[in-house]
Protein chains: 2
Amino acid sequence: MTQTARSDHRRSLSAQRRAQREEQILETAMQLFAEYGYSDTDTQLLAEKLQVGKGTIYRYFPSKRALFLAAADRVMRLMRQSIDERIQGIDDPFERISVGIRAFLSFFAEHPEYVELLIQERAQFKDRKKPTYFVHRETNIKRWQELYRSLIEAGRIRNMSVERITDVVGKLLYGTMFTNYFLGERPCVEKQVDDILDVVFYGILSDTERKKGR
Amino acid sequence: MTQTARSDHRRSLSAQRRAQREEQILETAMQLFAEYGYSDTDTQLLAEKLQVGKGTIYRYFPSKRALFLAAADRVMRLMRQSIDERIQGIDDPFERISVGIRAFLSFFAEHPEYVELLIQERAQFKDRKKPTYFVHRETNIKRWQELYRSLIEAGRIRNMSVERITDVVGKLLYGTMFTNYFLGERPCVEKQVDDILDVVFYGILSDTERKKGR
DNA sequence: AGAATGGAACTGACTGGTCAGTCCTTTATC
DNA sequence: GATAAAGGACTGACCAGTCAGTTCCATTCT
């Protein structure tokens with residue numbers, strides 16, 4: 001009994017320590033993968049940055065590949081978390097949407113290295129069925145669709161398929177994230193959110209043309 | 001004189017032949033790069049596919065890197081060309097825009113391997129100042145801005161910055177191209193164009209909400 | 001016409017360097 | 001002192017790029 005308890009204690013201590021170390025490795029690995037790209041990242045260099053033997057890394061992750069994929073998953077977890085924090089407690093659906101969009105864009109604007117990781121993932125692991133981003137997207141998108149549906153029911157958005165909306169908005173955000181990263185300038189997120197909401201909410205047609213078309 | 005003429009003839013013949021061969025190499029290289037990714041593409045395999053010695057490839061391109069970048073440039077040339085053909089002779093600006101969007105999306109939907117190449121480029125050559133896609137984008141976007149400007153002057157689009165429009169539409173198209181490719185199903189381009197035009201032209205707000213907001 | 005020539009195009013075995021992953025030794029922990 | 005963790009030298013696979021040798025072909029010579 002005492003024996004078991006003690007060994008449990010010991011195990012849990014080392015498990016905690018292990019988790020901590022794992023997180024350290026993931027964080028540093030992510031930086032290196034983002035900086036040098038997957039294949040140009042030498043595990044030797046990673047070991048040196050961590051001030052650890054190369055063998056140690058392989059005690060935590062079975063292969064370079066597994067290490068990378070774990071880092072990519074971590075990014076998406078962090079994203080979800082960051083957005084959740086920002087929209088928590090906001091009730092007005094419009095407000096919720098615009099804060100959500102802002103949170104998404106800021107997250108990646110503040111962490112360009114995460115975008116790089118997503119690109120690296122797609123470039124190196126084409127065989128995987130679906131990129132991490134889209135695996136997470138599927139779960140997340142449902143929440144947004146409910147939001148839009150409630151706005152339609154309230155008569156604040158015109159009656160149209162919510163899939164159509166989330167599809168277009170999702171693609172727009174995805175494109176914006178990449179464009180921002182590729183063009184390299186720190187974007188003004190506020191302005192971008194304004195642009196997006198202005199176009200998507202109001203459309204670009206003039207009033208006269210709008211009447212003609214319907 | 002005869003000498004020069006004859007040697008000119010020879011030179012132009014061989015130049016033609018050279019160009020032809022170059023094109024062959026680029027086409028096959030593009031397929032392999034798209035299938036295996038940049039670093040997993042062995043130049044040896046490329047040589048075998050071309051039924052050519054490995055050294056020959058290096059007579060046409062100084063390095064694997066240069067070969068790849070030439071292939072990426074080719075993709076963007078082909079894109080521009082394909083869109084130009086489709087919008088040629090169309091006068092109505094709205095029609096021109098919607099056909100242009102359709103042409104863009106079909107081009108990449110029909111050639112998913114081109115999308116893969118653009119991803120590979122970004123993943124492997126992070127040091128290059130700007131990805132090929134954006135280099136070409138800058139030239140192309142001007143034409144679209146003029147189109148939108150004329151529509152504003154004609155009172156068919158509401159008075160707003162044309163940069164704002166092309167920015168949003170450009171990002172939306174970019175995101176759509178990648179999403180289509182990553183999700184892997186052949187998209188129904190017609191439906192996508194409808195979705196995009198519907199949202200971007202009319203906006204998603206209901207009439208009552210629209211009045212409120214202004 | 002047919003042979004000879006020279007140089008361009010092509011070839012593919014080889015080299016040198018790189019790096020993921022292993023494994024035996026050393027160090028820490030209890 | 002026994003066990004677990006960490007270290008880092010080592011190995012073997014891999015592959016871009018090279019280069020010495022070969023083939024091809026347009027032109028010139030006989």
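Numbers restart at 1 for each chain; the letters A, B, ... are given by sequence-line order, proteins then strands. Bear in mind that the values here come from a model prediction, so they are computed numbers and not experimental data.
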When rounded to whole Å, the CG to P distance for the pair A:Leu50 and D:dG8 reads 13 Å
Protein heavy-atom contacts under 4.0 Å, written 5' to 3' over nucleotides 10-22 of chain C as B (base), S (sugar-phosphate only) or - (none), form the string BBB------SBBB
Whole-Å distance, B:Phe61 CZ to C:dA9 C1', equals 16 Å
Next on the checklist: Would you call the rings of B:Tyr114 and B:His111 parallel, tilted or perpendicular, taking 30° and 60° as the class edges?
Outcome noted: parallel
Look at the rings of B:Phe134 and B:Tyr174 and say which category their plane angle falls in: under 30° parallel, 30 to 60° tilted, over 60° perpendicular.
perpendicular
- Query: Any salt bridge between B:Arg74 and B:Glu27, counting N to O under 4.0 Å?
  - Reply: yes
request  = Fit a plane to each ring of B:Phe108 and B:Phe104, take the angle between them on a 0 to 90° scale, and name the class: parallel (under 30°), tilted (30 to 60°) or perpendicular (over 60°).
outcome  = perpendicular
Hits for side chain to side chain donor-acceptor pair (under 3.5 Å) against A:Tyr38, two or more places apart or cross-chain, chain-then-number order -> none
